[in-house]
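Before any comments, here is the structure.
Each chain gets a letter, A, B and so on, in the order the sequences are listed, and its residues count up from 1. The analysis underlying the following values was restricted to heavy atoms, covering all of them including side chains, and did not include hydrogens, waters or symmetry mates.
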2 protein chains.
Amino acid sequence: MHLAAFDEDIDPTEKFREFLQTKGMRLTPEREAVVTAVYATHDHFDAEQWVANLSQRGRKDGASRSTIYRTLSLLVEAGLLRRVARANDREVYEHDYGYPQHDHLICSKCGDMIEFANDVISETLEKVANAHGFRMSGHRLEVEGVCAKCLRPPQRSHRRLDMI
Amino acid sequence: MHLAAFDEDIDPTEKFREFLQTKGMRLTPEREAVVTAVYATHDHFDAEQWVANLSQRGRKDGASRSTIYRTLSLLVEAGLLRRVARANDREVYEHDYGYPQHDHLICSKCGDMIEFANDVISETLEKVANAHGFRMSGHRLEVEGVCAKCLRPPQRSHRRLDMI
DNA sequence: GTCCATGCAAACTGTTTGCATTCTT
DNA sequence: AAGAATGCAAACAGTTTGCATGGAC
């Protein structure tokens, strides 16, 4: 258990390096730029957001569009990121390392994503999966509706749909 | 309550016609071809499936790609169809009229979608939404994993990923 | 020298849209 | 004649890929 606990504590970049090693790949400066950027804040994001940001930084500090996409997929494989939902036709990512499993209420007005964790749901899913002889590896639950902020109508909402 | 009960019983085409009327639109032969095709069996499907099928039928019996896409969106608006998931980058639809709310186990090997209904989940979601002052209008729950059939390995699976 | 990784531009895919034409009323 | 609907082809957006170049060991 000590090892497991420790394993949970090493930082994402290190975890990524380990993952890459097992596949005979290297943690290049570009890849590192992506992990660092993405893990700088615990926010939902999509690929293009980081393309806009990272692709104009100088070399060794940023990465090109293709590298970003390729790296995000690797990070998902590595268990560091999770594809949670889709907003505006874009895949939305979030941290999947050191954070408890949770789902999202997605406001169809402002696009805000509200996280919530609920054990009943995961337990129920386990049961349902078992009952069907299905080996569950994960799930994606998007609850659509309108958030509290947007329900108070007069004041216009400050967030726009395309801001995720 | 009588009206409601009756309303549940009229056939999808009629329901669609009513919906269109409220928007000043007509139930054209093309639109009818789409509803009929789509409601012929209670199966999951994607747009391209029907494009392949309907776009080569003679006029008045089929419809073009654009009309199909446009009609599917109308059917969703009308509450006749639901976008349930995404498989192979395609939006997957299913009937949303006369069928109880349910969710899906999606096999990542063969692509099979197993429906299941579970009250606990919907009740829990209600509670969670309320707790956040969120007005829920629906949800999308995709459970990923491997189905029972694909877990028995030796016999190769008969369904392919790209068959939905 | 070999293998991995990058960036660019082109390709791909599902879906949407502009537009000229046709149908309905 | 006005409005709505169609089909075609082009546009679109996000993502993926082929390929020539560059870097690490």
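Toward the 5' end of DNA chain D, the nearer of the two residues S64(B) and K23(B), judged by each one's closest nucleotide, is K23(B).
Checked against dT15(C), dG7(C), dT6(D), the side chain of A63(A) finds its nearest nucleotide in dG7(C).
Rounded to an integer number of Å, the gap from E30(B) CD to dT24(C) P is 9 Å. Atom C1' of nucleotide dA13(D) and atom CG of D89(A) are separated by 7 Å, given to the nearest angstrom. Going from atom CG of L74(A) over to atom C1' of dT6(C) covers 13 Å, rounded to whole Å. Counting to the nearest Å, the C1' atom of dC23(C) and the CE atom of M25(B) are 16 Å from each other. Taking atom CG of residue D46(A) and atom P of nucleotide dG14(D), one finds them 8 Å apart after rounding to whole Å. Rounded to whole Å, the distance from CG on L27(A) to C1' on dA5(C) is 12 Å. Between the CD atom of Q49(B) and the P atom of dT15(C) there is a distance of 11 Å, rounded to whole Å. Taking atom CZ of residue R90(A) and atom P of nucleotide dA13(D), one finds them 10 Å apart after rounding to whole Å.
Side-chain contact of H104(B) with E94(B): a donor-acceptor pair under 3.5 Å is present, judged by distance alone. For the residue pair D103(B) and H139(B), a side-chain donor N or O sits within less than 3.5 Å of a side-chain acceptor on the partner.
Taking 4.0 angstrom as the limit, T28(B) places none of its side-chain polar atoms (N or O) nearer than this to OP1 or OP2 of dA4(D). Close to dC23(C), at under 4.0 Å from its OP1 or OP2, lies no side-chain N or O of R26(B).
Outside the 6.0 Å centre-distance limit, the rings of F116(A) and H102(A) are not counted as a close aromatic pair.
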Could you walk me through whether R83(B) and S73(B) pass side chain to side chain donor-acceptor pair (under 3.5 Å), step by step?
-> CA-CA 10 Å; R83(B) 297 195 170 100; S73(B) 290; 3.2 Å; yes
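With respect to the salt-bridge test (charged N to carboxylate O, under 4.0 angstrom), the residues R86(A) and E144(A) do not qualify.
Here side-chain hydrogen bond (donor to acceptor under 3.5 Å, both in side chains) pairs that include residues 62-72 of chain B, with residues two or more places apart or in two chains, are E48(B)-R65(B), E48(B)-Y69(B), S64(B)-T67(B).
Smallest separation of non-hydrogen atoms from H44(B) and V92(B): CB-CG1, 3.8 Å.
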N/O to N/O distances under 3.5 Å, protein versus nucleotides 16-18 of chain C:
none

